Enquirer: 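Here it is: the structure, laid out below.
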Amino acid sequence: MNDLLPDASPRWQFLEARVRDLMARYGFAEIRTPIVEQTALFARSIGEVTDIVEKEMYTFDDRNGDSLTLRPEGTASCVRAAMQHGLLHNQTQRLWYQGPMFRHERPQKGRYRQFHQVGVETYGLDGPDIDAEVILLSARLWQELGLAEHVTLELNSLGSAEARAAYRDTLTAYFEQHGEVLDDDSRRRLTTNPLRILDSKNPEMAEVIAGAPQLIDHLDEASREHFERLKALLEAAGIGYVVNPRLVRGLDYYSRTVFEWTTDALGSQGTICAGGRYDGLVEQLGGKPTPAVGFAMGIERLVLLLETLDLVPAEALGGCDAYLVPMDDASTPEALALAESLRTALPGLNLTLHCGGGSFKSRMKKADKSGAPLAILLGEDERADQAVTLKFLRDDREQQRVAQSGLADTLASLTEHPRHNT
RNA sequence: GUGGGUGUAGCUCAGUGGUAGAGCCCCGGAUUGUGGCUCCGGUGGUCGUGGGUUCGAUCCCCAUCAUCCACCCCA
């Protein structure tokens, strides 16, 4: 588990603000679900034999003896909540969520045991238009963050659940015929997820993999058409993509469209966003058959990417506009009152009041450290005149004495914050 | 779950089987009410944790935890 320290939070807030704005612009509504759910929910949705369910969940018994689990992903909870509250009853939904997820894996760069995802979920829409819509939403986010040239869209179709199951059997049979060439990992995958064998980087298996039957040739007709229409929609929208026939998602519930946005700027954790269609999931969890498509993106990876590429704009890093310094302890009460009146008059002003005493020299050092361009000094002389001294910390400019009554107007013009008219 | 690297001051890191170091940061002073540059002084460490070897361990050994990197897998 890792802490998010003050230096990092402006980057997170920047990303989160962009995401929130984008979701609203695409007509998605936020849903917030608990971070704990009944363990069975995840086992039934993600798949019993996946790594997540087999060995990565934080599971515990509560005081009633129920088995609960810290959510390892967001889709299962959304489906559960939507079903439970009737959101899927004869209607469609476009939802998004954001929050912490938990997986007990070995941490490394871009991977943490508590990590954060933003996800979108749509229900009740079965055409490729909504597939394209969620992909375009993600593409716009990269565009607006300045990441567009650094990410690649990979696309594939897994076909219907039936077609996928049939293909899986075909593939298993093929690899079993070449069992002598398979490495240990791949032999294990024969029973867990044979599609993953196609992903192996082992050069000794390259030939066998190249000769394996292709998923794309085993799609059912409806899925093939869906996929073709999606590709046409993306092309019409000017979104570049690469069809990756080896792209399979790790969670069992996916069918038809799957996609991943990847980058090569983050080392081995290159996937920043992944998703697809899971038309069978609602029914699998006890609801009526409901088409669904969505994705999740990893916030830590995105923040890391923005940081690596230096794409967080300076203004997003916030900071202090002015630092108010009572020059001695006797000036503190008046400084406190002055700070409050400025905050009332200028709601957009970021004003830090010096607290904690110290020598005047140390107070000025704190003013400097605050990053503020302006120090407001209030001492005995100023109090006698009902004034303050404005000192410019970043410009080569004479300090000036300003009456307290006119200070808000002066600050408004200096910092370009509109005055609050009351 | 597998393999490897690293854990010493708030941070970045030196270091030695015999009472623990630097730079930066922080505090004070040079400068009675003016930050940044300079100089002087100072605070701050059960050397990740628990065992073991030893007269003596921060150093050697074992375990454990954390962290980083890679694998697996995933966002």
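Quick note on labels: first sequence line is chain A, next is B, and so on, each numbered from 1. No hydrogens, no waters, no symmetry mates; every other heavy atom, side chains included, goes into these values. For clarity, every value in this text was computed on a predicted model and none was experimentally measured.
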Enquirer: So A:Arg189, base contact, sugar-phosphate only, or nothing? Heavy-atom distance under 4.0 Å.
Expert: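 A:Arg189: backbone/sugar contact only, no base atoms under 4.0 Å.
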Enquirer: Would you please determine if the base of B:G33 is stacked by A:Phe360, with stacking meaning a centroid separation under 5.5 angstrom and planes under 30 degrees?
Expert: no
Enquirer: Expressed in angstrom and rounded to an integer, what is the separation of A:Glu121 atom CD from B:A75 atom C1'?
Expert: 14 Å
Enquirer: Without swapping roles, check the side chain of A:Asn244 against the backbone of A:Leu155 for a donor-acceptor pair under 3.5 Å.
Expert: no
Enquirer: So what does A:Gly119 hit on the nucleic acid, given a heavy-atom distance under 4.0 Å: a base, only sugar-phosphate, or nothing?
Expert: nothing
Enquirer: What's the CD-C1' distance between A:Glu380 and B:U32, to the nearest Å?
Expert: 12 Å
Enquirer: Pairs in or reaching into residues 386-408 of chain A: which pass ring pair (Phe, Tyr, Trp, His ring centres under 6.0 Å), with residues at least two apart or in two chains?
Expert: none
Enquirer: Would you measure the distance from the C1' atom in B:G15 across to the matching atom in B:U58 and give it in whole Å?
Expert: 10 Å
Enquirer: Taking only the C1' atom of each, what is the distance from B:G3 to B:C72 in whole angstrom?
Expert: 11 Å
Enquirer: Could you give the distance from CG (A:Leu411) to CD1 (A:Ile376), rounded to the nearest 0.5 Å?
Expert: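 Between A:Leu411 CG and A:Ile376 CD1, I get 4.5 Å after rounding to 0.5 Å.
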Enquirer: Please report the interatomic distance CE(A:Met101) to CD1(A:Ile299), rounded to the nearest 0.5 Å.
Expert: 9.5 Å
Enquirer: Give me the distance, rounded to whole Å, that separates B:U49 from B:U54 when you measure between the P atoms they each carry.
Expert: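 Here B:U49 and B:U54 have their P atoms 23 Å from each other.
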Enquirer: Mind checking the P distance from B:C13 to B:G17? Whole angstroms is fine.
Expert: 23 Å
Enquirer: Tell me whether the count of non-hydrogen atoms from other residues, nucleotides or ligands lying under 6.0 Å of CD in A:Glu149 goes above 12.
Expert: yes
Enquirer: For RNA chain B, what string of dots and brackets results from 5' to 3' when Watson-Crick and G-U pairs need both distances under 3.5 Å, crossing pairs get [ ], and pairs with another strand get |?
Expert: (((((((..((((....[..)))).(((((.......))))).....(((((..]....))))))))))))....
Enquirer: Just the rounded figure in Å: distance from C1' of B:U34 to CZ of A:Phe392.
Expert: 14 Å
Enquirer: Nearest whole angstrom, please: distance from the C1' of B:U34 to the CZ of A:Arg397.
Expert: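 Whole-Å distance recorded here is 17 Å.
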Enquirer: Scan side-chain atoms only and decide if A:Thr152 and A:Thr262 contain a donor-acceptor pair under the 3.5 Å cut-off.
Expert: no
Enquirer: Could you tell me the separation between the CE atom of A:Met327 and the P atom of B:U34, rounded to a whole number of Å?
Expert: 8 Å
Enquirer: Walk along nucleotides 5-10 of chain B from 5' to 3' and tag each nucleotide B, S or - by protein heavy-atom contact under 4.0 Å, base first, then sugar-phosphate.
Expert: ------
Enquirer: Reckon A:Arg363 touches a base, only the sugar-phosphate, or nothing at all at heavy-atom distances under 4.0 Å?
Expert: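 No contact at all - A:Arg363 keeps every heavy atom at 4.0 Å or more from the nucleic acid.
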Enquirer: Under a 4.0 Å N-O cut-off, is there an ion pair linking A:Glu176 with A:Arg187?
Expert: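 Salt bridge absent between A:Glu176 and A:Arg187.
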Enquirer: Just compare B:C74, B:U34, B:G35 and give me whichever is closest to any side-chain atom of A:Leu377.
Expert: B:U34
Enquirer: Is A:Arg196 reaching over with its side chain to a backbone N or O of A:Val248, donor-acceptor style, under 3.5 angstrom?
Expert: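 At least one qualifying donor-acceptor pair exists.
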Enquirer: Find the distance A:Glu154:CD to B:A75:P and express it as a whole number of Å.
Expert: 14 Å
Enquirer: Just checking A:Ala367: base, sugar-phosphate only, or nothing, at a heavy-atom cut-off of under 4.0 Å?
Expert: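 If one applies the 4.0 Å heavy-atom cut-off, A:Ala367 turns out to touch nothing in the nucleic acid.
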Enquirer: Just to be sure I understand the rule, does A:Ile272 reach a base, reach only the sugar-phosphate, or reach nothing, if contact means heavy atoms closer than 4.0 Å?
Expert: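 Sugar-phosphate only.
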Enquirer: Nearest whole Å is fine: how far is B:C72 P from A:Arg187 CZ?
Expert: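 Value for this atom pair: 17 Å.
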Enquirer: Are more than 12 heavy atoms, taken from residues, nucleotides or ligands other than A:Glu380, located less than 6.0 Å from that residue's CD atom?
Expert: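 Open.
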Enquirer: Write down the distance between CD (A:Glu260) and C1' (B:C73), rounded to a whole number of angstrom.
Expert: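 Whole-Å distance recorded here is 12 Å.
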Enquirer: Before accepting this row, confirm whether a basic side-chain N of the pair A:Asp328/A:Arg383 lies closer than 4.0 Å to the acidic partner's carboxylate O.
Expert: yes
Enquirer: Write down the distance separating the C1' atoms in B:A63 and B:U53, rounded off to the nearest Å.
Expert: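 Looking at atom C1' only, B:A63 and B:U53 are 15 Å apart.
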Enquirer: Rounding to the closest angstrom, what is the interatomic distance between B:A22 and B:C47 at atom C1'?
Expert: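 It comes out at 15 Å once rounded to the nearest Å.
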Enquirer: When the P atoms of B:C62 and B:U6 are compared, how many Å lie between them, rounded to an integer?
Expert: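 Their P atoms lie roughly 14 Å apart.
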Enquirer: When you check the side-chain N and O atoms of A:Tyr254 and A:Arg164, is any donor under 3.5 Å from an acceptor?
Expert: no
Enquirer: How far apart are the closest heavy atoms of A:Met57 and A:Pro72, and which atoms are they?
Expert: SD-CG, 4.0 Å
Enquirer: Select from A:Glu382 and A:Ile299 the residue whose nearest nucleotide in RNA chain B is closer to the 5' end of that strand.
Expert: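 The residue closer to the strand's 5' end, by nearest nucleotide, is A:Glu382.
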Enquirer: Quick one: label A:Asp381 by what it contacts on the DNA or RNA (base, sugar-phosphate, nothing), any heavy atom closer than 4.0 Å.
Expert: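 Base, at least one base atom sits under 4.0 Å.
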Enquirer: Closest approach of A:Tyr97 and A:Cys78, non-hydrogen atoms and distance?
Expert: CD2-SG, 3.6 Å
Enquirer: Does some side-chain heavy atom of A:Gln98 sit less than 4.5 Å from a side-chain heavy atom of A:Val19?
Expert: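 A:Val19 vs A:Gln98: side chains apart.
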Enquirer: Hey, does A:Leu414 have a side-chain heavy atom less than 4.5 Å from the side chain of A:Leu374?
Expert: yes
Enquirer: Using a cutoff of under 3.5 Å, can you pull out all pairs of nitrogen or oxygen atoms linking the protein to nucleotides 26-28 of chain B, with atom names and distances?
Expert:
{"from": "B:C26", "atom 1": "OP1", "to": "A:Lys369", "atom 2": "NZ", "distance (Å)": "3.0"}
{"from": "B:C27", "atom 1": "OP1", "to": "A:Lys366", "atom 2": "NZ", "distance (Å)": "3.2"}

Enquirer: Distance between the P atoms of B:U31 and B:C40, in whole angstroms?
Expert: 16 Å
Enquirer: Using the ring pair (Phe, Tyr, Trp, His ring centres under 6.0 Å) rule, collect all pairs that involve residues 117-171 of chain A, keeping only residues at least two apart or in two chains.
Expert: A:Trp142-A:Trp261, A:Tyr167-A:His218
Enquirer: Could you run down the sub-3.5 Å N/O contacts of the protein with nucleotides 63-68 of chain B?
Expert:
{"from": "B:U67", "atom 1": "OP1", "to": "A:Met1", "atom 2": "O", "distance (Å)": "3.4"}

Enquirer: Using a heavy-atom cut-off of under 4.0 Å over every strand shown, decide if A:Gln399 touches base, sugar-phosphate, or nothing.
Expert: base
